[in-house]
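Written below as structure tokens is the structure these notes are about.
First the proteins, then the strands, lettered A, B, ... as listed; each starts at 1.
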Protein chains: 2
Amino acid sequence: MATPLRIVEVDKLKTACSTCSLHELCLPAGLSASELKSMDRMIDIRRTVKRGDYIFRAGTALHALYAIRTGFMKSCVLHEDGREQVAGFHMMGDLIGMDAIGSGQHLCDALALEDSEVCEIPLKSLELLSREIPSLQHHFHRIMSREIARDYGVMLLLGSMRAEERLAVFLLNLSQRFAARGYSSTEFHLRMTREEIGSYLGLKLETVSRTLSQFQAQGLVAVQNKHLRILKIDSLRELVGQHGCRV
Amino acid sequence: MATPLRIVEVDKLKTACSTCSLHELCLPAGLSASELKSMDRMIDIRRTVKRGDYIFRAGTALHALYAIRTGFMKSCVLHEDGREQVAGFHMMGDLIGMDAIGSGQHLCDALALEDSEVCEIPLKSLELLSREIPSLQHHFHRIMSREIARDYGVMLLLGSMRAEERLAVFLLNLSQRFAARGYSSTEFHLRMTREEIGSYLGLKLETVSRTLSQFQAQGLVAVQNKHLRILKIDSLRELVGQHGCRV
DNA sequence: GCTGCCGTTTGACCCAGATCAAAACAGCGG
DNA sequence: CCGCTGTTTTGATCTGGGTCAAACGGCAGC
């Protein structure tokens, strides 16, 4: 076997759903081998995005949904007066762009917080294929539903939790998502700035910083710049929900 | 024609998608006459719910999605410690229960704020039928997407708006939704209590009351108990976004 | 290694909206 | 018509987290 041929082969393997290590986490979860092949045919474009690049911008037309293969991104919704609110942080296996199906236009910006790779999934193709593969159809519905469920959680957080609780929820959520992807649940890098965390949690960056320092003083976490280690995960869990509510 | 027969006929007409006055607003929007017939076959159960009745409770298994035919309801997500956060107010034509598709269990309570009528739409049937009718499939996706989009708006509101802005956004949203349903955009009844408004907006009931009184003093609205009249809709619109942000 | 730029931390002070309290009011059953 | 209950309004006071300000630290470019 000639070397050039092998390279091409490996390259192709790397970018197919059927061999992607995320396929149990991502859209094709639960599909059979032959159904995965159909997925492979549907997803023909992969994009590499560099830190700071936009995957899509608010106001632009929906071209496709994007499955995150590697990297880390945020989506933020903008108010006409310039205020921006981080609506979510996304990591590998997550599907983004679903906010745009309703109107055909994206409502938020999505941008990479580190060099990333995404798979473009044209909505039309996805809808076509899910008419043929019931389990894909149902799984897509589950993914959209989980986004709604996540949003409800954020509403609860923003509407009725105090600062410490918000931050604890945030850290526990990151921890759990990293764990689900095979990474450490207690030690990770915060890819976003304090300001972005604050925006997501409805707090100012100073409050995020202060609360993080307070957690550190209490021995709950060890923070050094963007590196975070959770020391007492149970105490963090207890912290959520036991304090008197703010609203 | 005998009277009893006529009654049955009218009754049947009243409960079919094909003759429902909401069908351009609801799930079957854009379907052909024959496709509407298929919808009729799918939706075989209509439920009447009285003020205070639950349509579903958090933690219970997903049986069906519910399209609201008449009435007004709220959904609220609960925190284990008893805190509750209103996640949305729903009126005729709205589809609720989509939060449960992901896990198979409802994450929020849905309860009627006035006597209402809902159509039960079994998820399995809906998925089956949308495999046959592409426009139904796409419209269902659009509805789920619009729920995500709405949630992003609520996040922006809860995360970065001051009390007056939140209330103005709330009133403008109600106004616009009533208008879309053929009712007055400037005069309507608030079906929910001040406390429920507050919960939805992340404010306490006293703040809602005070802010409403303030709007009244400024001549923006006329409130009398639960009856509300918008006097200066443009001023309300201007109010949103011009103040310095809280977060 | 030095310099400049961000992002972060920490302190001091302030204010929007929460909390507490009480009165006014609507709606309802008897 | 009355009394009861739950909702709403309004006032007085308090406080969590916002705002302003300054110092610190890590890292990229030179």
Side-chain angles (χ1 to χ4, degrees), chain A residues 50-52 74 83-86 113-115 157-170 189-218 221-228 239 242-247, chain B residues 50-52 74 83 85-86 113-115 157-171 189-218 221-228 239 242-247:
Chain A
K50 287 220 282 292
R51 181 187 155 91
K74 69 167 178 179
R83 265 178 283 183
E84 99 171 32
Q85 164 89 17
V86 173
L113 296 180
E114 63 180 27
D115 293 358
L157 180 145
L158 292 173
S160 60
M161 288 188 185
R162 42 196 308 105
E164 302 147 52
E165 291 182 280
R166 295 185 196 198
L167 200 63
V169 167
F170 173 71
H189 262 79
L190 299 168
R191 266 80 166 193
M192 67 299 280
T193 65
R194 302 287 189 265
E195 186 167 21
E196 287 162 336
I197 297 174
S199 172
Y200 182 58
L201 299 178
L203 303 168
K204 297 259 68 161
L205 68 131
E206 294 94 329
T207 306
V208 173
S209 177
R210 267 185 250 276
T211 310
L212 229 32
S213 303
Q214 177 198 319
F215 283 178
Q216 175 144 265
Q218 292 169 317
V221 302
V223 221
Q224 190 169 35
N225 206 15
K226 290 199 189 292
H227 187 80
L228 187 127
L239 201 153
Q242 71 181 1
H243 289 257
C245 45
R246 208 183 61 88
V247 171
Chain B
K50 286 220 283 291
R51 180 186 153 94
K74 69 167 177 178
R83 265 180 282 181
Q85 163 90 17
V86 173
L113 295 180
E114 63 180 27
D115 293 357
L157 179 146
L158 291 174
S160 60
M161 288 187 184
R162 40 195 309 104
E164 302 147 51
E165 291 182 280
R166 295 185 196 196
L167 201 63
V169 167
F170 173 72
L171 295 179
H189 261 80
L190 299 169
R191 266 79 167 193
M192 68 298 282
T193 66
R194 301 287 189 265
E195 186 167 22
E196 286 161 336
I197 297 174
S199 172
Y200 182 59
L201 299 178
L203 303 169
K204 298 260 67 162
L205 68 134
E206 293 95 330
T207 306
V208 173
S209 177
R210 267 185 250 275
T211 310
L212 229 31
S213 302
Q214 176 199 319
F215 282 178
Q216 175 145 265
Q218 292 168 317
V221 302
V223 221
Q224 191 169 37
N225 205 17
K226 290 198 190 291
H227 187 82
L228 187 126
L239 200 153
Q242 72 181 1
H243 288 259
C245 47
R246 208 184 61 90
V247 172

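Taking atom CG on A:L158 and atom C1' on D:dG17, their separation rounds to 15 Å, with Å as the unit. For A:M161 and C:dA18, the CE to P distance is 17 Å, given to the nearest whole Å. As a whole-Å value, the separation of B:Q214 CD from D:dT8 P is 18 Å. For the pair B:R83 CZ and C:dA18 P, the computed distance is 14 Å after rounding to whole Å. Summarising the geometry, the separation between CG on B:L113 and C1' on D:dT7 is reported as 15 Å, rounded to the nearest angstrom. At whole-Å resolution of the value, CG in A:L212 and P in D:dG17 are 15 Å apart. Atom CZ in B:R162 sits roughly 10 Å away from atom C1' in C:dG17 (whole-Å rounding). A:R166 places its CZ atom 12 Å from the C1' atom of D:dG18, with the value rounded to the nearest Å.
For B:H227, the side-chain hydrogen bond (donor to acceptor under 3.5 Å, both in side chains) test picks out B:E187, B:H189, with sequence neighbours left out. B:E206 is linked by a salt bridge (charged side-chain N to carboxylate O under 4.0 Å, His left out) to nothing, counting only residues two or more places apart in sequence or in another chain. Under the rule for a side chain to side chain contact (heavy atoms under 4.5 Å, CB included), A:N225 has no partner lying at least two apart in sequence or in another chain. Scanning for side chain to side chain contact (heavy atoms under 4.5 Å, CB included) contacts around B:R194 gives B:L190, B:L205, B:V208, B:L212, B:V223, with sequence neighbours left out. Taking B:R191 as the reference, B:E114 meet the side-chain hydrogen bond (donor to acceptor under 3.5 Å, both in side chains) condition, with sequence neighbours excluded. The salt bridge (charged side-chain N to carboxylate O under 4.0 Å, His left out) search around B:E195 returns none, not counting sequence neighbours.
An end-to-end axis angle of 50° holds for the helix from C:dG1-D:dC30 to C:dG30-D:dC1, taken from five base pairs per end and rounded to 10°.
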Quiz prompt | Footprint string (nucleotides 20-30 of chain C, 5' to 3'): B base within contact, S backbone only, - free, heavy atoms under 4.0 Å | solution = B-----S----
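From B:Y200, atom OH reaches atom NZ of B:K74 across 13.5 Å, with rounding to the nearest 0.5 Å.
Within the structure, a side-chain polar atom (N or O) of A:K204 is placed less than 4.0 Å from OP1 or OP2 of D:dT19. Contact annotation: B:T207 reaches the phosphate of C:dA18 (side-chain N/O to OP1 or OP2, under 4.0 Å). Taking only side-chain nitrogens and oxygens, A:S213 comes nearer than 4.0 Å to OP1 or OP2 of C:dT10. For the OP1/OP2 pair of C:dT8 and a distance below 4.0 Å, the side-chain nitrogens and oxygens of A:R194 include at least one atom meeting the criterion.
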Practice problem: Test side-chain contact (heavy atoms from CB on, under 4.5 Å) on A:Q85 and A:L158 and set out the steps. | Solution: CA-CA 12 Å; A:Q85 164 89 17; A:L158 292 173; 4.1 Å; yes
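Contact annotation for A:T193: backbone-only contact, meaning every heavy-atom pair under 4.0 Å involves sugar-phosphate atoms and none involves a base.
Counting only distance, with no hydrogens or angles, the side chain of A:D115 and the backbone of A:K50 share no donor-acceptor pair below 3.5 Å.
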